[in-house]
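Structure first, then comments.
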Amino acid sequence: MTYDHKAIEAKWQQRWETDKVFYVGEDSEKPKFYNLCMYPYPSGALHQGHVRNYTFGDLLTRYKTMRGYNVLTPMGWDSFGLPAENAAIETGVHPRENTEAQIATMTRQIKQLGAMYDWDRELAAHHPDYYRWDQWIFLQLFDQGLAYKKEAPVNWCPKDQTVLANEQVVDGACERCGTVVEKKNLAQWFFRITDYAERLLDDLEQLDEWPERVRTMQRNWIGRSEGARFRIEVDGLGETFDVFTTRPDTIFGMTFCVLAPEHPLVERLIAGTEAEEEARAYIRDAGRASEIERMAEGEKTGIFTGRYAINPVDGEKVPIYIADYVLMGYGTGAIMGVPGQDQRDWDFATRYDLPIVRTVQPSDGWEGQAYLGDGPTINSGFLDGLDQAAAKEAIIAWLKERGIGEGTIQYRLRDWLISRQRYWGSPIPIVSCPRCGLVPVPEDELPVLLPDIQDYAPKGQSPLAGVEEWVVTTCPACGGEAMRETDTMDTFVDSSWYFFRFTDPGNDRAPFDPARAAYWMPVDQYIGGVEHAVLHLLYARFITKVLADMGLSPVQEPFARLFTQGMITLGGAKMSKSKGNVVDPLELFETHGADALRLYHLFMGPPTDDAAWDTNGVEGTSRFLDRLHRLVVDSEVVDGEDSPELISEANRAIRKVTEDIERFAFNTAIPQLMTLTNHLALAARDGVSRATFDQVVGIILKLLAPMAPHLAHELWERTGNASMLALEPWPVWDESLIVESTVTMVVQVNGKVRDRVNVSPDISPAEAEAIALGLEKVQGWIDGAQVRNVIARPPDLINFVVG
RNA sequence: GCCGGAGUGGCGAAAUUGGUAUACGCGAUGGACUCAAAAUCCAUUGCCCGCAAGGGCGUGCGGGUUCGAGUCCCGCCUCCGGCACCA
């Protein structure tokens, strides 16, 4: 018989809510613990990824509560964004209606899982009392020059009809819809995250409780390169351009220069030269191609400008090319071509018959390609004979002395493009005035409300542009007629500070009270998917640093400890609606119950790893819960002796489960409870004292309380406890009870296991040797031969080396 | 190409510090209960040889260190993830 999980679950969900067990303030004597799962996009229905996420999070909430912490566990909604807007285009239903219906559904389902939150702190990004503070933060960045509008070549998704941040372009395609993105020159809003590149990189070092892979991904994304920047003169034109290189030591090997097609100097270079017309055609073509098309070419193409550059070290004149393998967005958009030491330059030089000069003596096997290794510098005047490091130092000093260059650090990170030509987002609080330029909306006029509209269809500009009565406004500076900014903010702006808002969600005078943030921040444990490794997690770190610089955030880093969960797969692919391989958690609530489902998610494998779904596994955890229920409620306990062995095992289970939860090894904590339960069932059948039985049951229920809370609470009550299990102290093991009376010692001969023998745990090496030598099998293997060595590690193992 | 992670039974996996490889669960096979089925309970379940006692082999591959290696070292292979014309 299976127990009535639906009745039990409903009963306890209600009790926890009425008793407000997980609602907290800052007035506690207890240490604080801020436990946060990445707030969800309200997609309409819980999927297994949510279940996994909230199961881990809720386990921790409940465990830390029992351990005596004041646990903040809030929940909210990342409720602006494209899917609601795309649905609105199809159905004509306002995104707000759609979004709020989905929030209601998901709230109900989260409660059905038994995951507990302080719902008094619930927030949603699309509420004016939330996005008002998005706008406020935007204005702070604007004041500090950290938010700016600029025309630049940006990524444009032709399907979603909006620009995208660099971070949202995956393999040259829109991360949302997979459409190949185009490059467009558009005036867009950026956050100057590059100003924080160094700090964002350096502070990764202190995040030692983050997964290494996330830190590595951020390191790569920020992309620090050390090198030099120096000025190069164009022969006979009175113009110069700067280049960046990581290999200034190879400067004598420069046999050409290359500018990106978008480089501002290009126009001056080609004007009036023989190459002008051809060059213009090349630039036009390069502009048209998307970045992946450019790369797909394989061959590096370029065109001679007809101009020459003067190498500052030796006065050599080298041709200047335009080529699209040089990117305007990185470094200075111009390079020195050193084919001897750079494979890309080698390829280009080979194609256009440019000379190749080695400045580092290649070792064998480098014929026909650039040599990237170290070695004595050659063909390089005063640098000859120096190794790479020394040559770099020398040339940088030389450039600096003459005032034409210096050592510098270059980052790959670009500024964060935050404007979107879409409706369902927070309006950017800026007014464009023909007399005053870009004027911030005064803080006391916030929020700039998102007006209701009828037509959401994308038209290449924000649908808001069509709302004339909203767009036309007065300039806050001069009072004249002006136009509102019609773009909305990237939803990643909303999510880059929501964890601060949870500390003070009702505040209507500020985004949050710094004192309350000081109590709760940083987030002690952050749990979510690894897909946010560079997007959300980088942006949130950036905004936190900005808020810290303003004196609002007490911390430089928002998330002390990060946990990224693995994906759920089925049939070798990520479980997803579009692939049609989903197993709906709601059905499992019906058939097996929330506890069994939670337990399966905890049990199926290491929480960080991807895990292959198997509904039979839920069957398994469900069976375990049934067995426990039967044992506690229905079984006859045959009266017998106290069992020190069972008590000992129960204490070992406390230690194991506690240690496993601390190290996020939930999958190994559960077998411990299964084994203990099985042994208790055997004891109940064969005879055990009521005292032992009750004590072990109590321990099992407490250990199970964070994992399968409904059944644990029900059985706690059924065994005569009036207290709320969730608020009981976590059990403590007694080390003295864990010691076993006998242990199995392995006896090896030449490293192979030949026998086992039960011995006392405090046996001496000499006793161990005597006992082992007395074993018949061991004698058989030694068989008169000389024992050359005895490795005794009592009481676990003894090894005789014979031969 | 660079960076990160992983490879253990039929399957999900365990072995936390170099010391009993395969805990726990799933699946499978046999049995008990039942008219039957479900549920439950009991037993078996890495591979090979053997009637058995027992023995040999075994953690992606090849070497090494060690009394002893899934674990450490060297060299590979495969898979997954990230970055990538970033000068």
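First the proteins, then the strands, lettered A, B, ... as listed; each starts at 1.
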Could you pull out all residues at least two apart from [X] that satisfy side-chain hydrogen bond (donor to acceptor under 3.5 Å, both in side chains)?
| X | value |
| --- | --- |
| A/Q748 | none |
| A/W221 | A/E167 |
| A/S648 | A/R652 |
| A/N758 | A/T744 |

Once you measure the plane-to-plane angle for A/F664 and A/F563, does it fall in the parallel (<30°), tilted (30-60°) or perpendicular (>60°) bin?
tilted
Can you classify the ring geometry of A/F241 versus A/H263 as parallel (below 30°), tilted (30 to 60°) or perpendicular (above 60°)?
perpendicular
Qualifying salt bridge (charged side-chain N to carboxylate O under 4.0 Å, His left out) pairs, either residue in [range], two or more places apart:
| range | answer |
| --- | --- |
| residues 792-801 of chain A | none |
| residues 596-614 of chain A | A/D58-A/R598 |
| residues 210-221 of chain A | A/E205-A/R219, A/E212-A/R215, A/E212-A/R219 |

Base, sugar-phosphate, or nothing for [X], non-hydrogen atoms under 4.0 angstrom?
| X | value |
| --- | --- |
| A/N789 | nothing |
| A/S225 | sugar-phosphate |
| A/R215 | nothing |
| A/G617 | nothing |
| A/N678 | sugar-phosphate |
| A/R627 | sugar-phosphate |
| A/R793 | base |

Stretch residues 409-417 of chain A: residues that reach within less than 4.0 Å of RNA chain B through a heavy atom
A/R412, A/R414
Where the side chain of A/T245 is defined as all heavy atoms beyond and including C-beta, which of B/A87, B/C26, B/C24 is the nearest nucleotide?
B/A87
For nucleotides 52-58 of chain B, print each protein N/O atom paired with a nucleotide N/O atom at under 3.5 Å, atom names and distance only.
unit_1: B/G56; atom_1: OP1; unit_2: A/R754; atom_2: NH2; d: 3.3
unit_1: B/G56; atom_1: OP2; unit_2: A/R754; atom_2: NH1; d: 3.2

Tabulate protein N/O versus nucleotide N/O from nucleotides 7-13 of chain B, keeping only pairs under 3.5 Å, one per line.
unit_1: B/G12; atom_1: O2'; unit_2: A/M604; atom_2: O; d: 2.5

Is it the case that the base of B/C67 and the side chain of A/N799 share a donor-acceptor contact (distance under 3.5 Å, atom types as modelled)?
yes
Sequence neighbours excluded, the answer for salt bridge (charged side-chain N to carboxylate O under 4.0 Å, His left out) partners of A/E767 is none
Please name all residues satisfying side chain to side chain contact (heavy atoms under 4.5 Å, CB included) with A/Q672, sequence neighbours left out, ordered by chain then number.
A/A653, A/K656, A/V657
